[in-house]
Amino acid sequence: MTASPGIVIAGGGMAAGNAAAGLREGGYDGPLTILGAEPDVPFGRPPLSKGYLRGEEDLSGWLVRPAGWYADNRVALRTDAAVASVDPDARALRTRAGERIAYDRLLIATGGRNRALAVPGRDLDGVLQLRTRADCERIRALARPGERVVVAGMGFIGCEVAASLTQLGVEVTAVFPGPAPLVRVLGPEVGAVLGRLHREKGVELIAGEGLAAVEGAGRVEAVRTTSGRRIECSAAILAAGIQPNVEFLAGSGIALDNGVLVDELCRTSAPGVFACGDVANMAHPLFGRVRVEHYNNAEKHGRAAARSLLGRGEPYDYTFSFWSDQYEHSLEYVGFAERWDELVVRGSLEDARFLAFSLREGRLRAVAGLNRGGDPELEADSELAACAALIASGGRVRAELLADEGTDLRQLAPPRPL
Ligand SMILES: Cc1cc2nc3c(=O)[nH]c(=O)nc-3n(C[C@H](O)[C@H](O)[C@H](O)COP(=O)(O)OP(=O)(O)OC[C@H]3O[C@@H](n4cnc5c(N)ncnc54)[C@H](O)[C@@H]3O)c2cc1C
């Protein structure tokens, strides 16, 4: 009898590492292989735009499991072993090096990569993006106090890099579409507050503009914006968001649409193939179809995928949460909202200490807490944990109660563990 090839995980990040840990802790004793495309053991990326970028911490506190855990637990962790194609009918895949690997069940956790900006000059030295440890170290090497760096795009990564570089003494100019940073996720009101915080720290904000070109002879000397403005700089960091890593699934028959389509149990359209983390476009019982690009989801979705792989899955109904640190300011967010028809504020935008509630048709969909609300994952009694419970309840809530400091948010919804 041929031995079972066991479970193979494609991808070596946060979701993959947590799935492997979940499988072993869940009692799976069979062969388990992780095929990754980066040299590192699975780790969390948040410090790459924060403490690690600023040289304040190493990555030891961010490993999913210590490096020795994999061998100790008979997990074959193969870094630099990118998967090139998958054949679900044959239950086999091929690596980029041409090796054929069979599987019983496959978990796709290949995450995302930076979206390329199609601008002239983007290949010049000193034009960088941030996703991996190596990217981070390249940026850190160029972060020289007093020199000017342009950050193009002010989503979370752009904002955090702008903050960290400023803290390192670098002069930062940020160029971004829209009226303020993070408007797409947080709306113009909260975006304006964040813009003000960056400006107060000395970041030059050029709103409503894109990058038209990067100029220089061999290495970047300046960028040109879409309105023709020229900004001299010694480096340019392009932060235009990510796209899911799914190209290797072309021709596999696995249904794709803005990532790998999965149901509430992390199952793809192909029998025996599952997906989780940034790459997975999931059917969520509360939010509909969503692809979430955050650390807490990568961890919990990886764990959920492990349970599903073991046949013990339950519908994944995590309310989602994430955080972002910029300077001394801490943003925590629960829920998921790409559109809302009402934004209600409790607290003070002026003092940058508030909760901002996004409502759609009278239902609370998401809450952003800036320097307020606690950590919804770690503090069960916090305002944001109460908000998560309120979002999960799916019920209607009156805007004036949300705005009223006299109303205890914890009274509005039954407590529910995240
Ligand atoms: C700089 C930075 C800071 C961040 N900060 C925060 C934060 O503060 N808070 C927060 O909530 N989130 C943050 N995030 C987002 C968070 O890191 C991601 O949501 C998380 O990394 C997703 O994990 P993942 O395992 O799904 O995907 P990834 O981390 O993308 O990992 C996927 C892995 O699969 C590999 N891979 C790709 N293609 C293949 C292939 N064909 N075969 C094999 N392997 C492949 C990749 O190389 C990668 O190692 C940050 C992200 C970055 C880049």
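Atoms within each ligand, like the ligands themselves, are counted from 1 in listed order.
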Asker: Heavy atoms only, cut-off 4.0 Å: how does Asn245 contact ligand 1, side chain, backbone, both, or neither?
Answerer: side chain
Asker: With a 4.0 Å cut-off on heavy atoms, is Gly112 in contact with ligand 1?
Answerer: yes
Asker: Under 4.0 Å from a heavy atom of Phe322: give me the atoms of ligand 1 that qualify, with their elements.
Answerer: 11 (O)
Asker: List ligand 1 atoms under 4.0 Å from Ala37, heavy atoms only on the residue side.
Answerer: 36 (N), 44 (N), 45 (C), 47 (O)
Asker: Atom 30 (O) of ligand 1: which protein heavy atom is closest, and how many Å away?
Answerer: Arg131 NH2, 2.7 Å
Asker: Sequence neighbours left out, cut at 3.5 Å: what donor-acceptor pairs do the side chains of residues 32-46 make with other protein atoms?
Answerer:
from: Glu38; atom 1: OE1; to: Arg45; atom 2: NH1; distance (Å): 3.4
from: Glu38; atom 1: OE2; to: Arg45; atom 2: NH2; distance (Å): 2.7
from: Asp40; atom 1: OD1; to: Arg133; atom 2: NE; distance (Å): 2.7
from: Asp40; atom 1: OD1; to: Arg133; atom 2: NH2; distance (Å): 2.7
from: Asp40; atom 1: OD2; to: Arg133; atom 2: NE; distance (Å): 3.4
from: Arg45; atom 1: NH1; to: Arg131; atom 2: O; distance (Å): 2.9

Asker: What I want to know is whether Ala298 and ligand 1 share at least one N or O pair that is separated by under 3.5 angstrom.
Answerer: no
Asker: Going by an N to O cut-off under 4.0 Å, is there a salt bridge joining Glu57 and Lys50?
Answerer: no
Asker: Would Arg94 and Ser85 satisfy side-chain hydrogen bond (donor to acceptor under 3.5 Å, both in side chains), going step by step from the backbone distance to the final call?
Answerer: CA-CA 5 Å; Arg94 210 167 273 285; Ser85 63; 5.3 Å; no
Asker: Can you list the steps and then say if Ser324 with Gln326 is a side-chain hydrogen bond (donor to acceptor under 3.5 Å, both in side chains)?
Answerer: CA-CA 7 Å; Ser324 173; Gln326 298 169 37; 3.0 Å; yes
Asker: Using a 4.0 Å cut-off to any heavy atom of Gly277, which atoms of ligand 1 qualify?
Answerer: 26 (O)
Asker: So, regarding Tyr295 and ligand 1 (criterion: nitrogen or oxygen to nitrogen or oxygen, under 3.5 Å), is there a contact or not?
Answerer: yes
Asker: Looking at atom 37 (C) of ligand 1, what's its closest protein heavy atom, distance included?
Answerer: Thr110 O, 3.2 Å
Asker: Is there a donor-acceptor contact under 3.5 Å linking the side chains of Ser358 and Arg365?
Answerer: no
Asker: Assess the side chains of Tyr327 and His198: does a donor N or O sit below 3.5 Å from an acceptor N or O?
Answerer: yes
Asker: Begin with the C-alpha distance, continue with both residues' side-chain angles, and end with the deciding distance and a verdict on side-chain hydrogen bond (donor to acceptor under 3.5 Å, both in side chains) for Asn245 and Arg113.
Answerer: CA-CA 7 Å; Asn245 287 320; Arg113 66 176 180 284; 2.7 Å; yes
Asker: Touching ligand 1 at all, Lys50? Heavy atoms, strictly under 4.0 Å?
Answerer: yes
Asker: Under 3.5 Å, N or O to N or O, is Met14 touching ligand 1 that way?
Answerer: yes
Asker: Does atom 14 (N) of ligand 1 have a protein heavy-atom neighbour under 4.0 Å away?
Answerer: no
Asker: Taking atom 42 (N) of ligand 1 as the point of reference, which of Val279, Asp135, Val83 owns the nearest heavy atom?
Answerer: Val83
Asker: Does any pair with a residue in residues 136-169 pass ring pair (Phe, Tyr, Trp, His ring centres under 6.0 Å), and if so which ones, sequence neighbours excluded?
Answerer: Phe156-Phe322
Asker: Please classify the Trp323 to ligand 1 contact at 4.0 Å (heavy-atom distances, strictly less than): side chain, backbone, both or neither.
Answerer: both
Asker: Ligand 1 and Leu130, any nitrogen or oxygen pair closer than 3.5 angstrom?
Answerer: no
Asker: Using heavy atoms and a threshold below 4.0 Å, how should the contact between Ser324 and ligand 1 be classified: side chain, backbone, both, or neither?
Answerer: neither
Asker: Heavy-atom distances under 4.0 Å are what count here, so tell me which part of Phe248 touches ligand 1: side chain, backbone, both or neither.
Answerer: side chain
Asker: Would Arg24 pass as a cation-pi partner of Tyr70, given that its NZ or CZ must be under 6.0 Å from the six-membered ring centre and within 45 degrees of the axis?
Answerer: no
Asker: So, Arg307 and Glu314, do they make that salt bridge, N to O below 4.0 Å?
Answerer: no
Asker: Can you list the ligand 1 atoms lying under 4.0 Å from a non-hydrogen atom of Glu38?
Answerer: 46 (C), 47 (O), 48 (C), 49 (O)
Asker: Before you tell me yes or no, could you show the steps for Glu377 and Trp323 under side-chain hydrogen bond (donor to acceptor under 3.5 Å, both in side chains), namely the whole-Å CA-CA distance, both residues' side-chain angles and the distance that decides it to 0.1 Å?
Answerer: CA-CA 10 Å; Glu377 298 291 331; Trp323 78 98; over 6 Å; no
Asker: What protein heavy atom lies closest to atom 25 (O) of ligand 1? Include the residue and the distance to one decimal.
Answerer: Ala15 N, 2.9 Å
Asker: Looking only at non-hydrogen atoms, find the nearest pair between Leu265 and Phe274 and report the distance.
Answerer: O-CD2, 3.9 Å
Asker: Which is closest to atom 19 (O) of ligand 1 in terms of heavy atoms, Ile34, Asp278, Asp325?
Answerer: Asp278
Asker: Quick one: which ligand 1 atoms are inside 4.0 Å of a heavy atom on Gly13?
Answerer: 25 (O), 31 (O), 33 (C)
Asker: Write down the atom of Cys266, the atom of Ala304, and the distance for their closest heavy-atom approach.
Answerer: SG-C, 4.2 Å
Asker: Should Arg45 be counted as touching ligand 1, given the test is an N or O pair under 3.5 Å?
Answerer: yes
Asker: In ligand 1, which numbered atoms sit nearer than 4.0 Å to a non-hydrogen atom of Leu35?
Answerer: 43 (C), 44 (N)
Asker: From the options Ile157, Ile9, Leu48, select the one whose nearest heavy atom is closest to atom 2 (C) of ligand 1.
Answerer: Ile157
Asker: Closest heavy-atom contact between Thr319 and Phe287?
Answerer: O-CE1, 3.8 Å
Asker: Which of the atoms of ligand 1 are close to Glu293, meaning less than 4.0 Å from one of its heavy atoms?
Answerer: 15 (C), 19 (O)
Asker: Which residue and atom name correspond to the protein heavy atom nearest atom 4 (C) of ligand 1, and how close is it?
Answerer: Pro46 CA, 3.6 Å
Asker: Do the side chains of Glu232 and Arg148 get close enough for a salt bridge, i.e. N-O under 4.0 angstrom?
Answerer: no
Asker: Taking only heavy atoms of Gly111, which atoms of ligand 1 are found under 4.0 Å from at least one of them?
Answerer: 27 (O), 28 (P), 30 (O), 32 (C)
